[in-house]
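What follows is one structure encoded as structure tokens, with my remarks underneath.
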Amino acid sequence: MQKHIFLENHGNDDVCSFGSTMFKVGKLTQVMQSATDYHLEDALTELFKTQGLAINTRKYNPQLRCNEQQKWFGDGIDCEILTIGAKGWQKGKVKIRVIVEFCPDEPEVEETPENNQLEISAPESPLDDLRRQLLNHENQPNNS
């Protein structure tokens, strides 16, 4: 089972453009992975504390004979749930799953020619131009 899912329908070499910022999906995935593994994990734990919800995220590991930090975004935090109508508490874990996905706008409807014949042309990927731009940018010497 994957720990996190980031743009699951896109490859690492696909390109994202956010206005004037452009980079590969693999870089976005790397940054999101880092954010969820470290910064967001710590921020979430601290936010709970500031709200008076001190959740113990430490668990004793008998094999290592020490306490380990449990992870919201990893294996989860030990928890018990009491559901209405159930006979008792159910043990389990609370896990946070982050999904980053691209949601395309509705495609534009193309008008068909009046003679009802389809025009067939060789498809050219819009990524071809972006890849050429990225390659040109990567091959330029640094002006630092």
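All values below come from the heavy atoms of this structure, side chains included, with hydrogens, waters and symmetry mates left out.
Partners of Phe102 according to the side chain to side chain contact (heavy atoms under 4.5 Å, CB included) rule, which considers only residues two or more places apart in sequence or in another chain, are Leu7, His10, Pro104. Scanning for salt bridge (charged side-chain N to carboxylate O under 4.0 Å, His left out) contacts around Glu80 gives an empty result, with sequence neighbours left out.
To the nearest 0.5 Å, atoms CG (Leu28) and CG (Asn12) are separated by 10.0 Å.
Heavy-atom minimum distance, Lys24 versus Asp13: NZ-OD1, 3.7 Å.
Hydrophobic cluster of Leu47: no remaining members, since no ILVMFWY side chain lies below 4.5 Å from it. Cluster partners of Ile81, using a side-chain heavy-atom cutoff of under 4.5 Å among ILVMFWY residues and allowing indirect links: none.
By the 4.5 Å heavy-atom criterion applied to side chains, Thr29 and Val25 are counted as neighbours.
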Table please: side-chain donor-acceptor pairs of residues 82-94 below 3.5 Å, with sequence neighbours left out.
| unit_1 | atom_1 | unit_2 | atom_2 | d |
| --- | --- | --- | --- | --- |
| Lys93 | NZ | Asp78 | OD1 | 2.6 |

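Cluster membership for Val31 and Leu44, using ILVMFWY side-chain heavy atoms within less than 4.5 angstrom, is not shared.
Residue-environment remark: CG (Asp75) stays at or below the threshold of 12 foreign heavy atoms within 6.0 Å.
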